[in-house]
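Index from 1, following the sequence.
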Amino acid sequence: MTISAFDINPRGPGLHVGRSRRPLGGRRKRMMDVTVALVALVLAAPVMLIVALLIWVTDGGPAIFSHTRVGFNGKRFACYKFRTMVANSQQVLADYLANNPEAAKEWEQNWKFKNDPRITFLGRILRKSSLDELPQLINVLRGEMSCVGPRPVVPDELQRYGACAAEYLQARPGLTGLWQVTGRDAVDYASRVSIDSRYIRNWSVWADVVILVRTIFAVMKFDQAS
């Protein structure tokens, strides 16, 4: 199945440099977000409770982790996830980069590792199944994220978008997106930026529906970590 939905609206929604009054998709996309997020949150509540208990039992500490991401018009927000890393992840990262030149190079290029030493055993399972991202449904209901959109990035990461940063800021980051159903971690950073830009330029409601459906199949592929 191809992402042919993007051919339906070849000219896209119209991009403008500077601050936008409304996020990409406007009211139609927001209504879709709230509906999908509410249904998903109700259905996923039992699973989320089990995951939270497993994290607490196996690793201790808080089950939910929040990290600052950049949203619509550059507004920063706390993006929620189930915690998949060890409690002292920052120190582990610093030590790993200091002692592994190749890892430091990989981090500089991609802002992530193929084999991250900070991730717990349970965390790997959560990431490969994308269950770690379920708390972001709360971000969607709060209007900070969309069900479908560009990848949520940290403030320092946005500069790597270059000229595409203006496009990124016109949309709410997505719980899932075109990036997730076209390779996820199998693509390099420049390709991720290109995928995000392609999504924003060619957005349509139908494209979002296709991506949501394809996401169900994408998360079943455990060889593609989120």
Side-chain angles (χ1 to χ4, degrees), residues 1-9 23-25 28-55 63-65 69 71 79-84 112 114 119 121-153 171-187 191-226:
M1 182 178 183
T2 63
I3 197 71
S4 57
F6 282 88
D7 296 329
I8 295 177
N9 186 20
L24 178 73
R28 288 181 299 164
K29 187 171 175 64
R30 180 59 183 156
M31 291 176 61
M32 181 178 175
D33 284 341
V34 172
T35 302
V36 173
L38 281 174
V39 173
L41 197 57
V42 170
L43 295 176
V47 175
M48 294 175 69
L49 178 59
I50 292 172
V51 170
L53 289 173
L54 286 174
I55 294 173
I64 302 294
F65 169 81
R69 293 292 191 271
C79 182
Y80 301 122
K81 282 190 175 186
F82 280 121
R83 184 169 60 84
T84 58
K112 58 177 61 181
K114 186 175 182 179
I119 303 176
F121 175 76
L122 177 60
R124 293 187 186 281
I125 296 175
L126 295 177
R127 287 192 173 205
K128 287 181 180 295
S129 62
S130 292
L131 290 175
D132 65 311
E133 297 174 353
L134 286 177
Q136 291 175 15
L137 289 169
I138 298 173
N139 289 117
V140 175
L141 290 177
R142 291 173 58 172
E144 298 161 336
M145 294 182 63
S146 177
C147 288
V148 183
R151 297 175 312 108
V153 299
R172 293 185 177 102
L175 176 63
T176 185
L178 184 59
W179 53 273
Q180 190 178 42
V181 299
T182 53
R184 301 169 81 172
D185 282 359
V187 298
S191 297
R192 295 182 214 164
V193 173
S194 177
I195 289 170
D196 281 346
S197 294
R198 178 188 171 196
Y199 167 78
I200 294 168
R201 291 170 180 170
N202 298 281
W203 176 83
S204 70
V205 172
W206 172 239
D208 276 6
V209 172
V210 171
I211 290 173
L212 285 171
V213 173
R214 291 191 65 187
T215 297
I216 298 174
F217 297 96
V219 298
M220 294 179 183
K221 298 180 180 179
F222 271 37
D223 60 325
Q224 295 181 353
S226 62

Roughly how far, to the nearest 0.5 Å, is [atom2] of [Y] from [atom1] of [X]?
X    : Y    : atom1 : atom2 : answer
T35  : R30  : OG1   : CZ    : 10.0 Å
K81  : R69  : NZ    : CZ    : 6.0 Å
I64  : L134 : CD1   : CG    : 9.5 Å
L43  : L38  : CG    : CG    : 11.0 Å
I195 : I200 : CD1   : CD1   : 12.0 Å

Could you list the residues that satisfy side chain to side chain donor-acceptor pair (under 3.5 Å) with T84, not counting sequence neighbours? R127
Suppose we screen for side chain to side chain donor-acceptor pair (under 3.5 Å). Which residues come up paired with R172, at least two apart in sequence or across chains? none
Looking at every heavy atom in both [X] and [Y], which two are closest together, and how far apart are they?
X    : Y    : value
L178 : I211 : N-CD1, 3.8 Å
C147 : D33  : N-OD1, 3.0 Å
T215 : T176 : OG1-OG1, 2.7 Å

Distance-only, no hydrogens or angles: does the [X] side chain make a donor-acceptor pair with backbone N or O of [Y] under 3.5 Å?
X    : Y    : answer
Y199 : V148 : yes
W179 : G149 : yes
D132 : F82  : no
N139 : Y80  : yes

Do [X] and [Y] touch side chain to side chain, with heavy atoms closer than 4.5 Å?
X    : Y    : result
M145 : P152 : yes
M32  : L212 : yes
K29  : S146 : yes
M48  : L41  : yes
E133 : Q180 : yes
V153 : D196 : no

